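Down below is the structure, laid out as structure tokens.
Throughout, protein chains are lettered first and strands after them, A, B, ... in sequence-line order, and every chain is numbered starting at 1. What you see is a predicted model; the values in this text were computed from it and never measured.
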Number of protein chains: 2
Amino acid sequence: MKALKYKQIIDYIKEQITNGTWPVGSRLPSQRALASQFGVNRSTIVTALEELAADGLIEGRTGMGTIVVNNTWTLMRSEPPLNWNEQVGRGTHQASMPTVQAINQAESNEDLIQLSKGELSRDLFPLEEMRVVITKVGKNLEPFGYEEPKGNPQLREEIARYLSRKGINISSSSILVVSGALQALHLISIGLLDRGSTVFLENPSYVNSLSTFQSAGMKLQGIPIDQEGINPAKIEGIHQTKNSVLYCHPTFHNPTGALMGEKRRQELLNLAERAQIPIIEDDVYGDLWIDSPPPRPIKSLDKHGNVLYLGSLSKSLNPGLRIGWIVGPEAVIDRLADLKMQTDYGTSSISQRAAAEWLSSGLYEEHISAVRKELKVRRNAALQALDQHLSRYGEWQQPAGGFFVWVKMKQEISMADLYRKALARGVLINPGRIYSNQKSPHFRLSFANAQVEDIVKGIAVLESLIEDC
Amino acid sequence: MKALKYKQIIDYIKEQITNGTWPVGSRLPSQRALASQFGVNRSTIVTALEELAADGLIEGRTGMGTIVVNNTWTLMRSEPPLNWNEQVGRGTHQASMPTVQAINQAESNEDLIQLSKGELSRDLFPLEEMRVVITKVGKNLEPFGYEEPKGNPQLREEIARYLSRKGINISSSSILVVSGALQALHLISIGLLDRGSTVFLENPSYVNSLSTFQSAGMKLQGIPIDQEGINPAKIEGIHQTKNSVLYCHPTFHNPTGALMGEKRRQELLNLAERAQIPIIEDDVYGDLWIDSPPPRPIKSLDKHGNVLYLGSLSKSLNPGLRIGWIVGPEAVIDRLADLKMQTDYGTSSISQRAAAEWLSSGLYEEHISAVRKELKVRRNAALQALDQHLSRYGEWQQPAGGFFVWVKMKQEISMADLYRKALARGVLINPGRIYSNQKSPHFRLSFANAQVEDIVKGIAVLESLIEDC
Ligand SMILES: Cc1ncc(COP(=O)(O)O)c(C=O)c1O
Ligand SMILES: Cc1ncc(COP(=O)(O)O)c(C=O)c1O
């Protein structure tokens with residue numbers, strides 16, 4: 001049995017090397033990873049690797065793990081050819097921060113207590129309704145193909161109707177369906193902004209907004225915020241330089257949970273118009289109020305096409321649908337639709353039909369009222385546990401909606417340490433640093449994803465770690 | 001009734017202007033478009049526009065149509081604010097060519113004879129099976145959310161199994177699921193290539209590959225092709241300069257239908273390795289052979305990770321699913337997966353599940369055998385009609401698969417003229433120029449989309465137009 005496995009491992013690694021999946025110069029997975037992949041002891045892996053090293057295919061290098069140094073083909077020739085691996089460091093777009101990549105990975109580890117994920121808990125997944133919706137989409141299906149550039153017309157009608165309830169009155173031709181609000185930011189970056197454009201944005205801000213704008217070459221200019229988000233009075237002086245814009249999420253801000261009041265919304269719009277700086281308003285958490293409905297979006301006050309408005313079903317319903325929208329002046333929407341066609345030729349027809357069905361059937365409204373109640377339970381449990389365990393060490397505001405509590409540590413506690421130690425104890429939190437690319441005494445705690453008892457347990461673990469520091 | 005409509009039109013236009021959908025400086029839809037939108041005569045539109053002009057809101061300008069010059073708000077202030085409309089000309093990514101945009105639009109006009117669309121005919125849509133698949137996905141649904149960075153694991157397993165039948169033996173961790181092969185090109189452009197990188201590619205080539213590479217700042221270097229595509233012997237001299245790559249679709253090339261033989265595939269791979277130029281092999285038409293199966297993909301010969309391989313369900317099954325894949329060295333796939341997360345956070349969960357079901361159930365294989373038979377009928381009908389109507393004016397090769405016949409006109413016939421006149425007669429063809437950004441005596445004729453009798457009718461119309469020239 002063991003001998004069989006051992007042979008299998010050697011064959012597998014040889015195959016990966018021979019067919020170029022692991023080209024010369026690349027690093028093998030760790031011994032631990034290979035051991036768990038094949039369900040064997042590390043010693044079996046070590047023996048297999050020794051044999052491959054004896055064949056001249058791989059080499060252990062201190063501090064670098066095991067490197068592919070030859071493949072059966074290069075053994076027969078003088079120099080290894082250049083290959084795609086050489087390209088990995090290139091491209092105009094940057095890689096995500098290593099911490100962000102590590103968190104992305106850890107978020108799919110089901111054994112961890114997820115105080116990190118900005119995603120509704122699995123037990124809030126409306127399984128029965130989603131089955132009904134998709135089965136209905138299946139039953140009623142008519143032939144489909146590439147969709148219209150702006151997206152499925154029926155879905156756009158439904159979105160227009162849904163937005164009119166928020167005071168945004170537009171026709172469906174001012175709506176572009178996108179694969180989530182994140183894609184909206186990507187399209188805006190490559191389609192409307194220049195390399196070198198300044199993006200004013202809340203500091204801290206949504207982590208993928210930072211990477212998306214930066215990857216596309218924009219300069220970020222953070223604006224300090226308070227519990228109401230951006231204070232227009234404090235940024236009276238901003239003005240248009242080279243094609244700058246302002247990106248904000250005034251409703252249940254990520255990561256701080258801040259909610260901007262009605263007065264500030266109007267002031268911010270006025271200021272932006274005076275300063276000639278267009279606004280990107282990201283409203284993906286807007287439906288997720290807990291205590292009372294938030295003020296209407298800034299877009300509902302916009303009389304000049306100054307605001308591009310983003311929404312999504314990811315937070316309130318489900319991110320796997322990948323359905324979001326951009327609303328703005330028609331010429332701008334046309335331009336973005338053309339770019340969307342260039343980058344992926346439209347969003348999944350099936351997802352678009354499922355989304356239209358969610359909205360038109362009224363199931364969406366029913367679902368979010370249920371979600372609001374559940375979020376209230378979880379938020380309250382989180383706040384109570386925070387009070388009980390962390391009030392000596394930190395402070396926070398009560399969020400009126402959304403997914404997050406933004407915890408500020410009072411003492412000089414290394415956030416990097418806390419994050420790492422918590423992870424080792426099975427609790428995933430997000431260090432504040434990733435939301436601003438700078439040192440931060442905060443961490444973000446999501447109460448949307450973990451079960452109540454896990455939220456409480458996780459917060460207790462944090463207390464014990466801080467006490468140990 | 002007429003008075004009512006007239007008032008309604010004025011209100012509608014005022015609303016669009018007031019809420020910034022049509023900001024100051026933007027152009028109103030044409031009178032004809034408005035008339036058809038409201039189902040009225042153009043004279044009603046003209047009267048409505050006159051009233052709005054009298055209010056100072058709009059102005060007719062010669063050669064530019066009707067322009068918004070004020071809105072109710074700007075009428076009260078001195079200068080109009082800057083708004084998103086000013087941004088339309090910006091962005092690093094270029095707009096599609098006007099002809100391409102016009103064709104995109106005309107392709108959704110159901111009244112035209114579509115000799116243009118690179119998309120299977122509606123009557124080849126496997127409606128029963130698609131309903132079964134989606135209903136099954138609905139019934140068996142388990143909660144889902146954001147998917148793993150590389151895509152749904154089950155779908156990747158199915159793709160790996162499917163590719164092994166083409167001689168590509170890789171594990172599912174070397175596969176990235178993307179929203180169609182076009183997104184693959186976009187991700188490669190922004191993630192692996194530099195602004196200024198040279199992309200060698202067939203001249204002519206897939207129209208969206210041109211815009212995608214160019215938008216991302218790549219230089220295009222066309223390689224002339226014959227009926228077997230690129231001839232490696234003719235490009236012995238190419239060599240790596242600044243991060244250059246070679247993009248090709250050796251199997252049933254778009255737009256020419258060319259098929260590269262086995263020998264050339266190996267030679268091209270050898271040449272690319274010698275020249276140290278990695279290959280992007282686009283195989284979206286590979287399953288659509290008509291006469292006999294094509295040679296195995298270049299990727300199946302690749303021993304050094306020199307080839308990134310692209311596939312898709314768009315052409316063989318349905319483009320609305322938006323399911324494609326990239327296969328390559330793991331480190332490269334990891335890099336592209338990270339970028340995919342940055343740009344849209346993954347492909348629709350429902351589409352991925354539907355695609356997995358199509359592949360695992362065997363329905364996909366059944367479907368494409370049926371499609372092959374149908375394509376044969378349509379291709380033969382197209383070739384026969386071409387022989388009958390156009391043999392005096394043009395020449396072409398018989399394509400052994402895919403969707404297209406590439407017709408070269410013998411005489412000096414203006415392609416732009418032929419395209420325009422054909423459109424006026426209700427027949428949409430694609431002028432060769434859009435596939436190379438240069439003058440071309442060709443047009444592309446798709447036999448995949450229109451009904452046999454329409455294909456024949458369309459070709460007869462072309463004959464009569466050419467005779468008139
Ligand atoms: C503020 C904000 N905007 C956009 C997104 C992206 O959402 P989507 O899944 O719609 O792309 C997120 C997700 O975390 C977010 O927090
Ligand atoms: C050669 C080629 N590659 C890629 C594509 C894009 O296909 P998808 O729908 O998978 O993005 C097309 C579609 O026309 C094509 O012709």
Side-chain angles (χ1 to χ4, degrees), chain A residues 20-21 23 26 73 81-85 87-88 90-93 95-96 119 122 125 131 134-135 138 141 143-146 170 174 179-180 182-183 186 190-192 194 211 273 276 278 302-306 308 319-320 322 328-332 335 338-339 342-345 348-351, chain B residues 20-21 23 26 73 81-85 87-88 90-93 95-96 119 122 125 131 134-135 138 141 143-146 170 174 179-180 182-183 186 190-192 194 211 273 276 278 302-306 308 319-320 322 328-332 335 338-339 342-345 348-351:
Chain A
T21 298
S26 69
W73 312 91
L82 198 80
N83 63 44
W84 277 106
N85 257 41
Q87 307 282 130
V88 171
R90 304 190 182 252
T92 52
H93 281 233
S96 303
E119 184 180 341
R122 209 153 261 255
F125 186 96
R131 283 186 180 156
I134 293 179
T135 312
L141 207 65
F144 59 80
Y146 288 115
I170 39 98
S174 331
S179 301
L182 180 58
Q183 186 179 49
H186 178 63
I190 65 175
L192 299 176
D194 288 327
S211 52
E273 291 189 351
Q276 309 232 315
D302 178 28
K303 304 299 177 197
H304 306 292
N306 240 307
L308 271 186
R322 307 311 302 130
E330 240 177 87
V332 178
R335 161 83 171 130
D338 177 49
L339 265 179
Q342 284 187 44
T343 54
D344 70 6
Y345 236 101
S348 158
S349 292
I350 309 181
S351 267
Chain B
T21 298
S26 69
W73 312 90
L82 199 78
N83 63 45
W84 276 105
N85 257 41
Q87 309 282 128
V88 169
R90 304 189 182 256
T92 51
H93 282 233
S96 303
E119 183 180 341
R122 209 151 259 254
F125 186 96
R131 283 186 180 156
I134 293 179
T135 312
L141 207 65
F144 59 80
Y146 287 114
I170 39 98
S174 329
S179 302
L182 180 58
Q183 187 180 48
H186 178 63
I190 65 175
L192 300 175
D194 289 327
S211 52
E273 292 188 350
Q276 309 232 316
D302 178 28
K303 304 300 175 196
H304 307 292
N306 239 308
L308 271 186
R322 305 313 299 132
E330 240 176 86
V332 178
R335 161 82 172 132
D338 177 50
L339 264 179
Q342 284 186 45
T343 53
D344 71 5
Y345 236 102
S348 159
S349 291
I350 310 181
S351 268

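Among A:Ser349, A:Ser351, A:Ser179, the one residue that satisfies the side chain to side chain donor-acceptor pair (under 3.5 Å) test with B:Ser348 is A:Ser351.
Your options are A:Gly328, A:Ser26, A:Gly191, and the one with the most heavy-atom pairs under 4.5 Å with chain B is A:Gly191. Contact count against chain B (heavy-atom pairs under 4.5 Å) is highest for A:Thr343 among A:Thr343, A:Asp302, A:Val332, A:Ile170. Among A:Ile190, A:Leu339, A:Ile134, A:Ile350, the residue making the largest number of heavy-atom pairs under 4.5 Å with chain B is A:Ile190. Listed options A:Ser211, A:Pro143, A:Ser96, A:Gly138 were ranked by heavy-atom pairs under 4.5 angstrom with chain B; first place goes to A:Pro143. Counting heavy-atom pairs closer than 4.5 Å to chain B, the top residue among A:Gly145, A:Gly180, A:Ala331 is A:Gly145.
For B:Gln342, the parts sitting under 4.5 Å from any heavy atom of chain A are the backbone and the side chain alike. Interface remark: B:His93 contributes backbone and side-chain atoms alike to the contact with chain A (heavy atom separation under 4.5 Å). Only the side chain of A:Glu119 comes within less than 4.5 Å of a heavy atom in chain B; its backbone stays farther off.
The heavy-atom pair separating B:Gln183 from A:Asp344 by the smallest distance is CB-CB, 4.0 Å. Contact record, B:Ser174 with A:Thr21: OG-CG2, 3.1 Å, taken as the closest heavy-atom pair.
Side-chain contact between A:Arg322 and B:Arg322 is absent, with no heavy atoms from C-beta onward closer than 4.5 Å.
Here CG of B:Leu182 is found 8.0 Å from OH of A:Tyr146. Values are rounded to the nearest 0.5 Å.
Between the side chain of B:Asp338 and the backbone N or O of A:Ala95, no donor-acceptor pair lies under 3.5 Å.
A search for salt bridge (Lys or Arg N to Asp or Glu O under 4.0 Å) contacts involving A:Asp194 returns B:Arg90, not counting sequence neighbours.
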